[in-house]
Structures are given as structure tokens and as C-alpha cells.
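Heads up, the thing below is written out as C-alpha cells.
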Amino acid sequence: MNLADRIRPDAGRRVQLMATCLCDAFYDDAARATVEVLEHLGCTVEFPAAQTCCGQPAFNGGDWPASRKVVRHTVETFAGDCPVVVPSGSCAAMMFHGALLEFEREADLPAVAALGRRTWELADFIVHGLGVTTWPGRYDARIAFHRSCHGRGTPSSAAAEQLLGSVAGLTLAPFGEGEQCCGFGGTFSVSFPNISAGMGELKLDHLRAAKPDVLVSGDMSCLMHLGGLAEKDGRPVKTQHLAQVLRDALKNGGLI
Amino acid sequence: MKFQQIDQFAAHLRPSTRAAVYDGSKKGHEKRTQVLFDHYPDPDRLRQLAGEIKQHVIENLDTYLPAIEAKLKANGVIVHWAATAEAANEAVLAIMRARNATRMVKAKTMVSEETELAHFLEKNGVECMETDLGEFIVQIDHDHPSHIVKPIIHKNRRDIATSFEKNGLGAYNDDPQTITRRARDFLRKKYLVADVALTGANFLVAESGRLVLVTNEGNSRFCLAATRCHIAMVGIEKILPRDRDLGLLLNLLGRSGTGQQLTVYTEFITGPRAPAQPDGPDEMHVILVDNGRTDVLASDCRDILRCIRCGACLNVCPVYRQASGHAYRSVYPGPVGAVLSPLLMGKDFPEKADLPKASSLCGACNEVCPVDIPIPDLLLRLREKGKREHSAAAAAGTPPMGAWSLLASQPTAWKAALLGGRIINYLPTKMLPIPALRAWEGKRSLPAWRGGEFRHWLKGRARSPGAPPPTSGGQSPRPS
Ligand code: SF4
């Protein structure tokens, strides 16, 4: 799907929030921060309460009929015409790329594609959907930003770095082998636990060498994996979702 | 089957092997990226163009194949068609027998690895000497290549010195120059007595019938200078439409494969020796090998046939770096192998249907591929095929998705599960109700379950708009 063709916000800036199953189950504050950030930008945020998951676990696991069932539910749940904003590059890519692959031969492909055209990852939406390229407030920290892999081929990671880089007090810490995956990979993390952990440890080595105060990403899944590895290892690292950093910057600046 | 075989292989890999694979791959990737971006303002555009050219070829093979056959014949080349690996090997043996030849020198070719040619010839009384240094070392070690371009990426120089000593190639000495010199002395004698040379081809140009070979050691040139008969074994997907396409593809191949502007030797061969040429083979054969390729062409993964065997996707792949090439139990390892190897199995696909699972789907392979193959999409398609064909290898360790999909399509049940999930906060690892959660906790801590908190907060705000948001809750760890 050509991401340039996506549905843009109207004057009322109505959006629907796809909070993701991970935020629904574990990371409520990342979802809250997303709402606060969007509202600060003048958006009216609707949360369709029937939402569950984007369908990616079964899609990646090869069980496409099971995944399609969930995607169909998602399509129904997010009926409407406004942009759908997701605080995850991975779930967003599921809607505008993955789902299209598994619906290739299905009669309801057009409905799935229509939702794909409405779906935006958060940073991409802020920068390219709303045209906001600098972020107010203040956040005094050295941050290592992990570019999650589902941002490849999309404007998301560059958008996130642009926003973070513009926050007063915030320094972006460069680190080695930034193009390498953290090793999460959805079901891969449990069916290939040794390789997954090996990849994560390499990533943590690079990140630690950069001595950041906080490890930040646009995807809670990468942070769940990296943070979980570090904690198990007895050397915890502080992790935050991009939305939390942006929200905290607003708070520190007295803007919310 | 409980575990994924590739993950188990990685878990038991010798640390020095993992280090050798990691270092070699990382260096390869870094050189590639630097050279490509130093030389071209927009390498991605070039990759896309090269991809379009190769895609055009594979979608029009039915016209390109007869065209190339006609051209080759007009150039004085004898053309053979081999539907299977066995047929390809038999064709080589028949040529050898017709010439009463018993000694062959061989340059590196992946398709001959597919057909296990060297092994087949040795069994039939023909000496088949690998002349590429890496392949030579693999041969004397009775090992297998573990990388498409760097067959011995899994060995360090101490390993090599040890096998040279074992094989009577001088006392232990791990100085790379000494190793190379010893191999050279040994191989030079082999060139001089060989009857036939076997090579592959990197490209075969339909317009001219030109066969293009790239090497860095000049061994294929030695092979061709010293023998009277040249056999080229070539996969049917190696065709390029026009000579001018070589400009693009050769520039991408060298840079992507080894970080070189161009490989050290690039040979253009248009047939047997012309009368005016002082040396070179009088007889030239091209064996066009299918060996499962037309089945790949008929599948929804045909894009993989664009592959020019550069190895860039192996170098960048984090799974390959952890597991090494031998983990893939196939001639083609890494991302390209995870797609191609199971497909080339034909009806035995389920046996290797675990290969497409060995990926976090990070997409780095697609980003570096000089012919822009959408490898992650192909891996996903093959995962679906593995599931549909009930592959036990693919299913190993994969959480079942039936219950999850029911839950995730019924909002009431989902909301109840969000609240009920809290139970995991109070259970030690070994009592976690879902195997996937236990597998997770084997390596990482699980964050505290906070299902329903976000929805609760949203409701509270709706009741009292303008109330300050609650302070951000930190992640409290689970008890273990
Ligand atoms: S798939 Fe692409 S990157 Fe991998 S070996 Fe083939 S051409 Fe190179």
C-alpha cells in the first residue's frame, strides 16, 4: 500500500485510537499517554470499546484463517472514515500491509484495504498526518531510540527521531548496529527463545554502551522484550514508549 | 516435536563458530553499505530497477529459454536441459565419459552444490577438485559450505590450519598467507592435469548468449585456460535480457556480495575457443538446470527466483548471525535459504517448513537485497503453507492460535480475559497457564498484568471530564 495515499484528518481532527492488545493488557500508561498527546494536538479521540488485537500473532504464526477472523472483527470495530492512530509500528503495519497479504484472495479485501488506508502509526501521524514537526515542553534525559523493525520502509522512525530531537533538554544517544532487530518478533520470541534472547542481548550491549537514561521505542513489544531481558539479567533498564516521553515533556513544560 | 530445530542448533553452537560467523557477516554488511552509499546517491532505486529486470525475466522464461538456447547453439555451445539434479549430474558424467576424462577442476557454483555434483562424480571414479579456496577447504574437511559467498565463514584460521595439517598440506601454520600459498601450490598441479573445467554462471545474457562469471581468486580463469572442455551448470533463472543490463547487475553484485566495486575477475564467455585464440576450451557445454525451479515459478513465491546469490541477506540477518549457515540443513542458508530451500524440496516441503519460521520478520534482508525481493512476505506465505500442510517441523514450539482467535473476536470475552489475566501476577513461572508465557519467562521477566486499567481510566475521564490524569504508573515486576 502506498502510504502517501492514506486518509488524512479532517478539520475536527477526529481520530480513532487502536490501543493495541499489549497496552490493553500490560502497558496502560503508554495508551493513556497516546490519548493525552493526541488531545494536546487538538484531536478528538474515540476509543472503539470492542477492539481486541490486530490479528498479527496468528498471521505471523502461519494460521491465517485464525488471523483473518480477528482482522474481520477489527474492521467491523473500526467502522468509520477518520484516521485510526496506533501507538505501534507493528500493529499499524499489520493493518496497512500484513492484512492485505492474507486477504489477497478474499472477497472482503476492499474493506480491509480501506482500514489500512486509514491506519497511522503515532509518530508518522503527528509529523505527516498533522504536520507537527517540533515538540514543545521539556524532557531532561539522554535517550536511546530503538527503531523498531516494522518502521522499515515507512516514515515512522524518522518522524519519531525528528520529534524527540526537537524536545528541549533531550539528547538522542547514537548506538551501534541500529539496523539490527531486537529479537522480539512476536511468536518468534517463544518458538526461538535462544536466538531471540541472543539478539536481544546484542542489542542491549550496544544500547548500554551509549549510556542512555531511558530506552525509547515506538513499539511496546520491543521494549517488553528488551526490558524483560535486562530485568531477568539483574541489570534493569528504564524503558518508555515514545508517547510517554512526549506526554512527560508536555507535563514538564506545564502544557498539560 | 517440541523445539524448533534451528533454535536448538543455535543453542549448542560452538562460541568460536558463532563469533566467526558474526564477525564475517557484520564486516560484510558494513562494507556493502558503505560502498553502495558512497558510490550512489540512491541505491534503493537501483535495487528496485534490478528487481524489475529480474522479475521480467522470470515472468517471461517461456520466451527467454528458447531464445538463449538458440543463441548458445549459434555461438557453438552444446546445450543440455536437466529437469532434475540427477539429470544434471548424469549429463556432466556423460560428457566426461565421452572424452575418457577422469579429472575435473571446478569453480564455485551453487547449483552444483544443489545437485551434489562433486560427491556424485567421486562415486563414479572422476576426481572433482574444488579450486575456490573456501570450497577447497570445505572439500578437504568433508564439511559443507555455510554461506553462499563465503563458504567457510564458520571457520577461523586456526580451524583451517588444523585441517591443512591433517590433510598433509604442511605442518600447522595459521598465517593466512602461508595457508593460501600452500593451497595455491597444491591446486596449480591439479589445473595442469585436469581434462575438464566446470563452472557455474552468474548471468547468461539472452541477447548475446554471453555467459558471465565473477570470481575473486582467478580460479575459474585458471580452470578455463588449462583445460580443453568447459561445462557450465546454470540454473534456468540466471538469464538477463540484454548485455547492457550487466552494467547494473554487476555493479550491484560486487557491492552487495563483498563490498567491492567489481569482483577482481569478471569473465565474459561467448563460446568455445575461436581459432585465433591461443588457449581455452575447444568444447563448451551449458547445462540448463531446473531442479524444482519451475515449481517455484508456479508458486506465489516466484519472486525468490530473482536472487543473484550475493549473500547480502545472510550478512545482515540477525538470525543467521546467531545460528550460522549449517543450522538451515540446506545448501541455501539465511533469509534466501529460508524461502528457497523448502520450496526446492517440492512435495517434501513440510520437512523444511520450519526454515521460514526462523525469522523475526525484521525485514533487514529486503532492505539490502540487490534485486529487492520481499523476503518477509515470502516467509509469511510459506508459514501459511507449512500450517496448511500440517508440517510438524514448522509447528514445533509455536503457540496454537485457535483459542486466542475466538477470544480476540468476542469483545465481551476479551474484556473478561483482560481482568481475569491478573491471575498471572500471582503465579510463579512454572505455574503460568500458557506454555508461551512459560517460554517467555525462561529468558525474560514478564511485566505485571494490568488488563483493564486503560479502559477504566478512560471511563473515569468520561465521568469527570477535566479531572487530572492519574500519575504514570511504573511497571511493577511480577513475583517469580
Ligand atoms: S535474496 Fe537478495 S540479498 Fe539474498 S542472496 Fe539473493 S540477491 Fe542476495
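By convention in this document, chain letters (A, B, ...) are assigned in the order of the sequence lines, proteins followed by strands, and residues within each chain are numbered from 1.
Within the 4.5 angstrom heavy-atom criterion, only side-chain atoms of B:L418, from C-beta onward, approach chain A. In this structure, the portion of A:H97 lying under 4.5 Å from any heavy atom of chain B is its side chain and not its backbone. The part of A:F47 that comes within reach of chain B is its side chain, from C-beta onward, which places non-hydrogen atoms under 4.5 angstrom from that chain. Residue B:E453 touches chain A through both its backbone and its side chain, counting heavy-atom pairs closer than 4.5 Å. When heavy atoms are compared at a cutoff of 4.5 Å, B:T412 does not approach chain A at all. Interface residue A:V35: only side-chain heavy atoms are found under 4.5 Å from chain B. Heavy atoms of B:A417 lying under 4.5 Å from chain A are absent altogether. Looking at B:N366, there are no atoms closer than 4.5 Å to chain A (heavy atoms on both sides), in backbone or side chain. Only the side chain of A:L202 has a heavy atom closer than 4.5 Å to any heavy atom of chain B. Only the side chain of A:L101 has a heavy atom closer than 4.5 Å to any heavy atom of chain B. With a 4.5 angstrom heavy-atom cutoff, B:L419 does not touch chain A via any of its atoms.
Going from atom CD of B:Q322 over to atom CG of A:N194 covers 9.5 Å, rounded to the nearest 0.5 Å.
Judged by distance alone, the side chains of B:R444 and A:S189 never bring a donor and an acceptor atom under 3.5 Å apart.
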Task: Check against side-chain contact (heavy atoms from CB on, under 4.5 Å), A:C53 and B:W414 - done: CA-CA 10 Å; A:C53 169; B:W414 180 263; 4.1 Å; yes
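Annotation: salt bridge (charged side-chain N to carboxylate O under 4.0 Å, His left out) contacts of B:R438 (sequence neighbours excluded): none. Applying the salt bridge (charged side-chain N to carboxylate O under 4.0 Å, His left out) test to A:R235 and every residue at least two apart in sequence or in another chain returns A:D233.
Within residues 23-31 of chain B, the residues having any heavy atom less than 4.5 Å from a heavy atom of chain A are, in residue-number order, B:K26, B:H29. Within residues 383-391 of chain B, the residues having any heavy atom under 4.5 Å from a heavy atom of chain A are, by residue number, B:R383, B:E384, B:K387.
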